[in-house]
Visitor: 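Sending over a structure as structure tokens; questions will come in a sec.
A quick note: this is a predicted structure, and the numbers were derived from the prediction, not measured.
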Amino acid sequence: MNRLIKTIAAGAGALGLAAIAGGAAAQAIDGGDYIPAPSGVQLGVVYAQFSHAGALYANGDKVDGDAELDTAVSVFRYVAYTKLAGMTFDYQVIQPYGHVEAGGSVEALGSATGFADTIFVATLWPIENHETGTYLGISPYIYAPTGEYDADRPINLGENRWRGVLQAVFSQKLSEKWVGEIAGDVTLYGNNDDNAAGRLEQDPTWRAQAFARYLVDDANEANLRLMYVRNGETQVAGLDRNDEGGTLSAMVTWRHNFRPTLQFLTQVGTDLKVDNGFKEDARLQFRLVNVF
């Protein structure tokens, strides 16, 4: 078991477990996120995310049913809409802050509390047809290595590396009540040269998301998201870790608008299949959006 903990620590210290703590979750969008607001609108968004993982997997098999990882993360997001070359354009800043704690058989990994990496996002809508409910948005993300990081600590909130993402999302109204959305993105990673086990490199990660949104009325919506992430293999000190693999997850969302300028989301999700790493048994998220 000590060998397993050391193996996890080599990767955990390298990756910072920031993906679990709200970093990569920025690309895990919510239904309706890519319906653009009018120019001049600004959004203040606050997320509260909680998750529990209760098992470790390797090559699709459970290798430790007593490994636990708990996260509690707050995310603060600012969004502003304007026009660029006649098209709707937004710019965003995202800042996660959280706590990650290992337990059970991997309790020796410890915990971490603090700021994760700051994320800068911009979206351009080359297709925006309000009559047909057809939208296409394209977003680059930049993750800056601003989060708290210590190479000697197995768990970190920051990743100590740059990360760039390109995401595209298509939304189509199918009927009066139903909307379908699909999203895809690719992530490219910089290197972490301050990893305790040696220089960390990582191959690109790919993500696909699909939404079925049901518009109950003007103030309420229910939707289902399926998401598949194919993580790129990491290399530490020039050695392949053979840790590439996919994760399939599902999330159910209920949206309620208290008024046109105040929206609240309640979300429950779980991992359905994991090839490598921790498998989340449950994820609970809340999101509050204020329009000003």
Visitor: Starting at CG of Asn160, measure out to CG of Asn191 and round the result to the nearest 0.5 Å.
Guide: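 The CG atom of Asn160 sits 10.5 Å away from the CG atom of Asn191.
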
Visitor: Verify the distance criterion only: is there a donor paired with an acceptor across the side chains of Asn257 and Arg259 at less than 3.5 Å?
Guide: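 Arg259 and Asn257 do not have a side-chain donor-acceptor pair below 3.5 Å.
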
Visitor: Is Lys62 atom NZ crowded by more than 12 heavy atoms from other residues, nucleotides or ligands, each under 6.0 Å away?
Guide: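 Check fails, neighbour count at 12 or below.
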
Visitor: Residues in side chain to side chain contact (heavy atoms under 4.5 Å, CB included) with Asp218, at least two apart?
Guide: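 Here no residue qualifies.
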
Visitor: Between Thr134 and Lys173, is there a side-chain donor-acceptor contact under 3.5 Å, judged purely by atom types and distance?
Guide: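 No, no side-chain donor-acceptor pair sits under 3.5 Å.
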
Visitor: Measuring from Phe76:CZ to Ile94:CD1, what's the distance to the nearest 0.5 Å?
Guide: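 Interatomic distance, Phe76 CZ to Ile94 CD1, rounded to 0.5 Å: 13.0 Å.
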
Visitor: Test of understanding: with side chain to side chain donor-acceptor pair (under 3.5 Å), list the residues that count as partners of Glu68, not counting sequence neighbours.
Guide: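 Side chain to side chain donor-acceptor pair (under 3.5 Å) check on Glu68 returns nothing, list empty.
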
Visitor: With a cut-off of 3.5 Å and sequence neighbours excluded, list every side-chain donor-acceptor pair involving residues 34-42.
Guide:
residue: Tyr34; atom: OH; partner: Ser139; partner atom: OG; Å: 2.6
residue: Tyr34; atom: OH; partner: Gln167; partner atom: OE1; Å: 2.9
residue: Gln42; atom: OE1; partner: Tyr78; partner atom: OH; Å: 2.4

Visitor: Who passes salt bridge (charged side-chain N to carboxylate O under 4.0 Å, His left out) against Asp185, sequence neighbours left out?
Guide: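 Only Arg207 meet the salt bridge (charged side-chain N to carboxylate O under 4.0 Å, His left out) criterion with Asp185.
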
Visitor: Do the side chains of Gln209 and Ile29 get nearer than 4.5 Å, heavy atoms only?
Guide: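 Yes; the side chains approach each other to less than 4.5 Å.
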
Visitor: Quick one: does Thr234's side chain get under 4.5 Å of Leu200's, heavy atoms only?
Guide: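 They are in side-chain contact.
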
Visitor: Under 3.5 Å, is there a donor-acceptor pair linking the side chains of Glu244 and Asn242?
Guide: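 No, because no side-chain N or O of Glu244 sits under 3.5 Å from a partner of the opposite role on Asn242.
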
Visitor: Are side-chain N/O atoms of Asn192 and Tyr149 paired as donor and acceptor at under 3.5 Å?
Guide: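 Yes.
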
Visitor: Can you pull out every ring-ring contact (aromatic ring centres under 6.0 Å, His included) where at least one residue sits in residues 170-217? Sequence neighbours excluded, please.
Guide: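 As it turns out, the ring-ring contact (aromatic ring centres under 6.0 Å, His included) pairs with a partner in residues 170-217, which skip direct neighbours, are Trp178-Tyr214.
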
Visitor: Kindly indicate whether the side chain of Val186, heavy atoms from C-beta on, has any atom under 4.5 Å from the side chain of Thr205.
Guide: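 Not in contact.
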
Visitor: Does any part of the side chain of Gln285, heavy atoms only, come nearer than 4.5 Å to the side chain of Met251, both counted from C-beta?
Guide: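 Met251 reaches Gln285 side chain to side chain.
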
Visitor: Does Arg241 form a salt bridge (charged side-chain N to carboxylate O under 4.0 Å, His left out) with Glu233? I'd like the steps, not just the answer.
Guide: CA-CA 7 Å; Arg241 299 188 68 240; Glu233 182 181 21; over 6 Å; no

Visitor: Quick one about Ser111 and Glu101 (side-chain donor to acceptor, distance below 3.5 Å, no hydrogens or angles considered), yes or no?
Guide: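 Absent: no donor and acceptor within the cut-off.
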
Visitor: What residues, two or more places apart in sequence or in another chain, satisfy salt bridge (charged side-chain N to carboxylate O under 4.0 Å, His left out) together with Arg77?
Guide: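 Checked Arg77 against salt bridge (charged side-chain N to carboxylate O under 4.0 Å, His left out); zero matches.
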
Visitor: For the residue pair Gln267 and Arg283, confirm or rule out a side-chain donor-acceptor distance under 3.5 Å.
Guide: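 There is no such pair between these side chains.
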
Visitor: With rounding to the nearest 0.5 angstrom, report the CG to NE2 distance, Leu284 to His52.
Guide: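 The distance works out to 13.5 Å.
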
Visitor: Nearest 0.5 Å please: distance from the NZ atom of Lys279 over to the CG atom of Asp271.
Guide: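 Atom-to-atom, Lys279:NZ and Asp271:CG are 7.0 Å apart.
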
Visitor: Could you check whether Thr146 and Asp117, counting side-chain N and O atoms only, form a donor-acceptor pair closer than 3.5 Å?
Guide: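 Thr146 and Asp117 do not have a side-chain donor-acceptor pair below 3.5 Å.
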
Visitor: What I want to find out is whether Arg213 reaches Asp30 closely enough, with some N-O distance under 4.0 Å, to be called a salt bridge.
Guide: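 So Arg213 does not pair with Asp30 through a salt bridge.
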
Visitor: What I'd like to find out is whether the side chain of Tyr97 reaches to under 4.5 Å of the side chain of Val75, using heavy atoms alone.
Guide: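 In short, these two side chains do not touch, never coming nearer than 4.5 Å.
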
Visitor: Any salt bridge linking Arg199 with Asp193? Criterion: basic side-chain nitrogen under 4.0 Å from a carboxylate oxygen.
Guide: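 Salt bridge: yes.
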
Visitor: Under 4.5 Å between any side-chain heavy atoms of Phe286 and Thr266, yes or no?
Guide: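 The answer is yes; the side chains approach within 4.5 Å.
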
Visitor: Any salt bridge linking Arg230 with Asp275? Criterion: basic side-chain nitrogen under 4.0 Å from a carboxylate oxygen.
Guide: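 Salt bridge between Arg230 and Asp275, a charged N being under 4.0 Å from a carboxylate O: yes.
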
Visitor: Would you call Leu43 and Asn290 a side-chain contact if the rule is heavy atoms closer than 4.5 Å?
Guide: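 In short, these two side chains do not touch, never coming nearer than 4.5 Å.
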
Visitor: Kindly say whether Phe115 contributes a backbone atom to a donor-acceptor pair with the side chain of Glu148 at under 3.5 angstrom?
Guide: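 Looks like yes, one N/O pair under 3.5 Å.
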
Visitor: Does Val274 share a hydrophobic cluster with Leu56, counting links as ILVMFWY side-chain heavy atoms below 4.5 Å and allowing steps through other members?
Guide: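 Val274 does not cluster with Leu56.
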
Visitor: Nearest 0.5 Å, what's the OH-OG1 distance between Tyr141 and Thr123?
Guide: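 Spacing of OH (Tyr141) from OG1 (Thr123) equals 6.5 Å.
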
